[in-house]
Amino acid sequence: MARFFITTAIDYPNSRPHIGTAFEKIGADAQARFRRMEGDQVFFLMGNDENTIKVPQKARELGLEPKPYVDEMARQFQDVWRALDISFDDFIQTSEPRHHAACQRFIQAVFDAGDIYKSVYKGHYCNGCETFKTDKEVEESGGRCPNHPNAPLVWVEEDNFFFKLSAYRDRLLDHYARNPDFIQPESRKNEIVNLVESELKDVAITRKGFEWGIKTPFDPSQTIYVWFDALLNYITAAGYGSDPDRFAQVWPADVHVIGKDITRFHCALWPAMLMSAGLPLPRRVFGHGFVYRKNEATGEIQKLSKSLGNVVDPMELIERFSSEAFRYYFLSQCPFGGDGEFSFERFAETYNSGLANNLGNLYSRILTMCLKYFGGVLDGADAVDARAWTKGADFPALMDELRSLIGAFEYSAALQRIGREVVDPANRYIQETEPFKLAKTDLAACKAVLVNLAEWLRVAAILFKPFLPRTALTFYQAFNFEESQPWTEVSYRDAAAHRPITVLRVTAPTTGGKPAPLFPKIEIGIGTG
RNA sequence: UGCGCCGUGGAGCAGCGGUUAGCUCGCCAGGCUCAUAACCUGGAGGUCGUAGGUUCGAUCCCUACCGGCGCAACCA
C-alpha cells in the first residue's frame, strides 16, 4: 500500500480563517480523499503557526497568556475545518512540546553542518511593535511604522544568527532541473528559478529578546525566527526527533499545498534547510492561486483584506447554505492552480445550477419514480443492461482522465468533465426514454430505465466522493448499494464497472413518500450582501 | 524597476498551429411533465486587446504597444 503524505500551510492564529485559507484546505482535502479512495495510506497534516511576535501582543490585548490564547484559536480553526469536512489526520500547533524539541534538534544539526554563522542584522525597529519593519512596510507608510505612526522608527543593529542560504544556490537549481515537477503549477517555477539564480541571500534565522517562541539551543538569548521554525512543522509532525521509525516511513512529504505567496519559502529556503540537515526533500510543492472578492456593488475585483472589510467568514456560508455548497463553489469555480473570485451572487448561481437544478433535482426525480411506480423495489435488476444510459461511452478512459486531472489538482476541469460526461447524459437519458410514460404502457421497460438511473446514482456517488463527501454518501445510500460493495471501499475503478444487485431497494429517507430536497434552491438576492 | 500572469459572444471561463471557435449563466422559441417553475431540443449573439511578423495556414508561435493584475523574503 502506497503512502501519501500531504500538508497545507500552517496558519497564523491572530485572526479567524477566511474563505481564502479555506480554499487551500478544501483543495488539499479533495486530494487526500481521492488518494484514500485509490488505496493510498494517507497522512494529511494541517496546523497553526504560533511562534510569531503577534501572538503575545494579541493575547495581551485580550488579557490572556499566549498559550491559552493559541489553544483557543487552534480549537476555533479546527471547528471550521471540521465543519467543512476537511479530513486532516493531524493538527500541529507550533507551540507544542513535540515541535519545540524537534526544532531545536534540527537547528543544531544545521549549526553542526556549519551553515549557521553570527552576523549583524540591521533594520528599522519600532518600539511600539517591538519588532523590525521591512523596507517595504516603512516605504509604504511614508517612513513610519504602519501600526504606530507617531512612534519614531529607530535604526537598530543586532547580532543574530544567519543561515547560509546563498551557499545552496547551485544545488537548488540543480534540484529544480532534475525534478521538473518539484514546483507546480509550471507557471510558478520560472519565478522561483529566476529568484534563486539572481538574488538568493543569507537569511537571519534568530531574533533577540523574545520570550515567546523557540530558544536557540546554542544561544538561549536568541529565539528562532518564525519562518525557520514554521517550515519545520512538516517534519516534526512526521516524527522527526521523536519517532525515527515513523519519520523514516512518512517523510518525505508527497506534496506541500501552499499559497502562491509563500512558494519561495517552500521551494528555496525549505529545501536548503533540509539539504543542510541531510534530510530528503519533499517531492512536490503546489502553489495554489488566491481567491479575490468581487465587490457586489461596484464589480471591482479586490484582494481579501481586513482593511477593505471584504473578508467572508467560512462559517457564515456553511451555516447559511452548507459545507457541500461551499466546497462545490470553490472546487468548481476557482481553478486551484490559478486565481478565483467570490461573490454572493455567483455563489448562489453556481449553487442553483450545479447543485439544486442538476444533482439535487436528478436525485429527486429518480427516487420519486422508483417509489411511485415500484414502491421503491426493483426486482430482477441484475437481468437488465444497467449501462444503457452511458451510450457506450468509454468509462475506463474517462476514469483515467479524471484521475490525471485530480492528481494535477485540476478540480474545476475534473468537475466540468464529470458534469458533461456523467450528469448531463442522465438528464438526457430520462428525456429520451421517458420512463414516466413507460410506467403507463410498459412496466418492464420502465423498470429497466430506473435500474439504469439507480446505477447512475452509484456512479455519481463514487465520482463526487472526493469533492462532495456528504452528497456522495447520500447518493450511495439512496439504494442498497452497500450490499455489493461497502462505501469505504469504492474507488474510481468501481465507477467504470457495473456491480449487479438482484433486488434494488430505495433506502433513502423520505417524508410523505417523497425524498427530501437535497439542495433547496437559493433565492437570488437573499443574503447577497 | 525586476520577474510573472491575464485580455475570447452581455457576465464568468475553456481552447494554445488546420475544429462549423467550445462550456456555464443570462436571453428568445419550441418540447416534456417523473422532478426543487426543474429537465430536454433548437436559436440569436464573437473580425478571439491593438499593430506588425513567422507559416501553405494563427485565437493558438514571435516582436512591439495598449489595458488590467500579481509577486518582490511575515497581510493565505
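Heavy-atom basis, side chains included; hydrogens, waters and symmetry copies ignored. The chains referred to below are lettered A, B, ... by the order of the sequence lines, with proteins before strands, and numbering in each begins at 1.
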Given [options], which nucleotide is nearest the side-chain atoms of [X]?
X        : options                : answer
A:Leu518 : B:rC23, B:rU36, B:rC74 : B:rU36
A:Gln431 : B:rC3, B:rA72, B:rC40  : B:rC40
A:Arg264 : B:rC39, B:rG70, B:rC71 : B:rC71
A:Pro517 : B:rA76, B:rU36, B:rC40 : B:rU36
A:Trp227 : B:rC74, B:rU36, B:rC34 : B:rC74
A:Lys372 : B:rU36, B:rC71, B:rC34 : B:rC34
A:Tyr373 : B:rC34, B:rU36, B:rC74 : B:rC34
A:Arg365 : B:rU36, B:rC34, B:rC74 : B:rC34
A:Asn427 : B:rG22, B:rC40, B:rA76 : B:rC40

Original post:
How would you list all residue pairs meeting side chain to side chain donor-acceptor pair (under 3.5 Å) that involve residues 409-419 of chain A, not counting sequence neighbours?
Top reply: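 Sorted pair list: A:Gln31-A:Tyr411, A:Glu401-A:Arg417, A:Arg417-A:Glu421.
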Original post:
Would you say A:Leu231 and A:Leu269 make side-chain contact, with heavy atoms under 4.5 Å?
Top reply: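 Counting from C-beta outward, A:Leu231 and A:Leu269 do come under 4.5 Å.
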Nearest whole angstrom, please: distance from the [atom2] of [N] to the [atom1] of [X].
X        : N      : atom1 : atom2 : value
A:Glu434 : B:rU33 : CD    : P     : 7 Å
A:Lys54  : B:rC75 : NZ    : P     : 7 Å
A:Leu367 : B:rU36 : CG    : C1'   : 13 Å
A:Ile10  : B:rA76 : CD1   : P     : 13 Å
A:Lys303 : B:rG68 : NZ    : P     : 18 Å
A:Tyr351 : B:rC25 : OH    : C1'   : 17 Å
A:Phe436 : B:rG31 : CZ    : C1'   : 10 Å
A:Tyr329 : B:rU24 : OH    : P     : 18 Å

Original post:
Can you list the residues that meet the side chain to side chain donor-acceptor pair (under 3.5 Å) rule with A:Thr21, with sequence neighbours excluded?
Top reply: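 With sequence neighbours excluded, A:Thr21 shows a side chain to side chain donor-acceptor pair (under 3.5 Å) to no residue whatsoever.
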Watson-Crick/G-U partner (both atom distances under 3.5 Å) of [N]:
N      : result
B:rC48 : none
B:rC23 : B:rG12
B:rG42 : B:rC28
B:rG7  : B:rC66
B:rU36 : none
B:rC71 : B:rG2
B:rU54 : none
B:rU59 : none

Original post:
In terms of ring plane angle, is the pair A:Tyr363 and A:Phe475 parallel, tilted or perpendicular, where the classes change at 30° and 60°?
Top reply: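 Judged by the thresholds at 30° and 60°, the geometry between A:Tyr363 and A:Phe475 is parallel.
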Quantified in whole Å, what is the [atom1] atom distance between nucleotide [N] and nucleotide [M]?
N      : M      : atom1 : value
B:rU24 : B:rG67 : C1'   : 27 Å
B:rG4  : B:rC40 : C1'   : 45 Å
B:rC65 : B:rG22 : C1'   : 30 Å
B:rC60 : B:rC48 : C1'   : 10 Å
B:rA14 : B:rC5  : P     : 15 Å
B:rC13 : B:rU54 : P     : 34 Å
B:rG46 : B:rG15 : C1'   : 14 Å
B:rG45 : B:rC27 : C1'   : 10 Å

N or O in side chain of [X] less than 4.0 angstrom from [N] OP1/OP2:
X        : N      : answer
A:Arg428 : B:rU41 : yes
A:Tyr225 : B:rC74 : yes
A:Lys514 : B:rU36 : yes
A:Lys260 : B:rC75 : no
A:His288 : B:rA76 : no

Original post:
For A:Glu341 and A:Asp261, take the nucleotide of RNA chain B holding the closest heavy atom to each; which residue's nucleotide lies nearer the 5' end?
Top reply: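 Comparing both residues, the 5'-ward one is A:Glu341.
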Subject >> Residue whose closest nucleotide on RNA chain B lies nearer the 5' end, A:Val291 versus A:Lys437 >> reply: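 Result: A:Lys437.
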Original post:
Sub-3.5 Å donor-acceptor pair from the side chain of A:Arg207 to the main-chain atoms of A:Ile224, do we have one?
Top reply: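 Judged by distance alone, no pair lies under 3.5 Å.
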Subject >> Whether A:Thr507 side chain and A:Phe479 backbone form a donor-acceptor pair below 3.5 Å >> reply: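 Yes, because the side chain of A:Thr507 sits within donor-acceptor range (under 3.5 Å) of the backbone of A:Phe479.
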What contact category does [X] fall into here, base, sugar-phosphate, or nothing, at under 4.0 angstrom with non-hydrogen atoms?
X        : result
A:Leu165 : base
A:Leu269 : nothing
A:Arg188 : nothing
A:Ala9   : nothing
A:Asn357 : sugar-phosphate

Original post:
Roughly how far, to the nearest 0.5 Å, is the CG atom of A:Asp229 from the CD1 atom of A:Ile10?
Top reply: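 One finds 7.0 Å between CD1 of A:Ile10 and CG of A:Asp229.
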**OP:** Determine, for A:Tyr176 and A:Lys189, whether the Lys NZ or Arg CZ falls below 6.0 Å from the six-membered ring centre while staying within 45 degrees of the axis.
**Re:**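 No cation-pi geometry.
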Subject >> A:Asn233 vs A:Thr94, side chain to side chain donor-acceptor pair (under 3.5 Å): CA-CA, chis, key distance, verdict >> reply: CA-CA 7 Å; A:Asn233 88 86; A:Thr94 59; over 6 Å; no
